[in-house]
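Data first, discussion second: the structure below is written as structure tokens.
Since this is a predicted model, take the numbers as computed values, not measurements.
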Amino acid sequence: FALAGWPGWPVLVAAAGAVAVTGATALVAVRHRWLRRRHALALLRERVARHRPVFMVYFTAPPGSAYQLMMWLPHLARLGESFVVVMREPDAFRTVARGTTAPVLYAPEIGTFDATVVDSLKAVFYVNNGAKNTHCVRYGELAHIFLNHGDSDKASSFNPVATMYDRVFVAGQAGIDRYLRHGVAIPRHRFRIVGRPQVAAARAPERPVDQVSEPAVLYAPTW
């Protein structure tokens, strides 16, 4: 237009029109995505609420950590209450889904996770001290129960992070003493001694060991 000596205002008008159309299209697309996400979250909440879970098993961990959760699922199922498993990472999703009849949900974002916290929930169980546990502990109306995935003299068994839970389940008195010995001040009433359900089938002989034909010694310094 400049080379031909024509006025430039038609170009400006056309450009402004193009920008307006593009902007309007982008806004429509954003609004559509927002409405679609809102609908999806509402549907998720509705379906979780329909299941009426009494407790949640919350799991966040790096790849290769599925054993921390899997060791507890059969024992939690024996409680006879409706529950859901919520995973914050997808790595072990298929493994966990095959290991329980409870609904297993993948909630990567906080908004998605929030949609799984329904009115019927009373408690949440944790099997490790994952950093994202704080996303759930903020629900103060729920009882937050720390199971861990084993008792040992490793730092994970006296981590100060455990102070944020309402209950800390340990295998025995040594689990309580270990926290106190390392200066982690958790009130005594928050502890529950529950043993180790995973070794419930192990039975000590009811007669002197020298009378057992093939004696076996179990040495379990960690999980």
Side-chain angles (χ1 to χ4, degrees), residues 52-62 64-87 92 94-104 121-130 133 142-223:
R52 296 195 60 78
V54 175
F55 67 87
M56 172 190 294
V57 186
Y58 183 96
F59 186 64
T60 174
S65 304
Y67 70 92
Q68 299 175 354
L69 175 59
M70 299 300 292
M71 68 169 65
W72 282 109
L73 289 178
H75 305 287
L76 293 171
R78 287 175 58 190
L79 295 175
E81 300 285 1
S82 176
F83 71 97
V84 294
V85 180
V86 175
M87 305 182 62
R94 293 183 183 277
T95 299
V96 174
R98 287 193 297 265
T100 181
T101 58
V104 181
L121 280 175
K122 304 297 182 185
V124 184
F125 288 94
Y126 305 83
V127 298
N128 60 29
N129 269 317
N133 287 3
L142 302 176
H144 301 277
I145 303 168
F146 183 56
L147 292 172
N148 209 350
H149 50 275
D151 277 28
S152 73
D153 286 329
K154 295 185 293 186
S156 60
S157 288
F158 54 85
N159 193 324
V161 173
T163 59
M164 72 179 178
Y165 303 106
D166 299 305
R167 293 288 182 269
V168 179
F169 284 10
V170 293
Q173 183 62 40
I176 299 174
D177 296 341
R178 188 179 297 111
Y179 281 100
L180 299 177
R181 190 168 63 249
H182 288 86
V184 181
I186 299 177
R188 179 62 180 82
H189 71 270
R190 291 192 186 180
F191 287 103
R192 292 291 186 275
I193 295 177
V194 297
R196 286 300 295 176
Q198 291 81 7
V199 295
R203 291 287 183 268
E206 297 179 356
R207 58 187 185 279
V209 68
D210 60 359
Q211 297 179 19
V212 179
S213 58
E214 296 182 357
V217 177
L218 171 64
Y219 173 61
T222 68
W223 65 267

**Request:** To the nearest 0.5 Å, tell me how far Phe55 CZ sits from Ile145 CD1.
**Result:** 9.0 Å
**Request:** Could you check if a side-chain atom of Asn129 sits within less than 4.5 angstrom of a side-chain atom of Ser156, using non-hydrogen atoms only?
**Result:** no
**Prompt:** Between Asn128 and Asn133, is any pair of side-chain heavy atoms under 4.5 Å apart?
**Reply:** yes
**Prompt:** Rounded to the nearest 0.5 Å, how far apart are CD1 of Ile176 and CZ of Arg192?
**Reply:** 9.5 Å
**Message:** Let me confirm one number: the NE2-OH distance from His149 to Tyr67, rounded to the nearest 0.5 Å.
**Reply:** 4.0 Å
**Asked** So, do Met71 and Leu147 sit near enough that their side-chain heavy atoms are less than 4.5 Å apart?
**Response** no
**Asked** Between Tyr179 and Phe191, what is the ring plane arrangement, given parallel below 30°, perpendicular above 60°, and tilted in between?
**Response** tilted
**Prompt:** Are the ring centres of Phe125 and Phe83 closer than 6.0 Å?
**Reply:** no
**Complete:** side-chain contact (heavy atoms from CB on, under 4.5 Å) test vs Ile186 passes for just one of His189, Arg190, Arg188, namely Arg190
**Prompt:** Are there more than 12 heavy atoms of other residues, nucleotides or ligands under 6.0 Å from atom CZ of Arg52?
**Reply:** no
**Asked** Which residue, Tyr58, Trp72, Phe59, forms the side-chain contact (heavy atoms from CB on, under 4.5 Å) with Tyr126?
**Response** Tyr58
**Request:** For residues Val212 and Pro205, report the shortest heavy-atom separation together with the two atoms involved.
**Result:** CG2-CB, 3.9 Å
**Considering all heavy atoms, the nearest Pro160-Val184 contact** = CA-CG1, 3.9 Å
**Message:** Nearest 0.5 angstrom please: Phe146 CZ to Thr163 OG1, how far?
**Reply:** 11.0 Å
**Item:** Closest non-hydrogen atom pair between Leu142 and Ala123, with its separation
**Value:** CD2-N, 4.4 Å
**Prompt:** Any idea which heavy atoms bring Gly99 and Met70 closest together, and the distance?
**Reply:** CA-CE, 3.7 Å
**Shortest non-hydrogen contact between Ala66 and Ala92, atoms and distance** = CB-CB, 3.7 Å
**Asked** Can you tell if the side chain of Asn159 reaches within under 4.5 Å of the side chain of Asn148, non-hydrogen atoms only?
**Response** no
**Message:** Taking atom CZ as the centre, does Arg94 end up with more than 12 heavy-atom neighbours from other residues, nucleotides or ligands that are less than 6.0 angstrom away?
**Reply:** no
**Message:** Are Thr100 and Val57 packed together at the side-chain level, in the sense that at least one heavy-atom pair is separated by less than 4.5 angstrom?
**Reply:** no
**Asked** Got a second to check how far Asp151's CG is from Arg178's CZ, nearest 0.5 Å?
**Response** 5.5 Å
**Complete:** d(Asp153 CG, His182 NE2) to nearest 0.5 Å is 7.0 Å
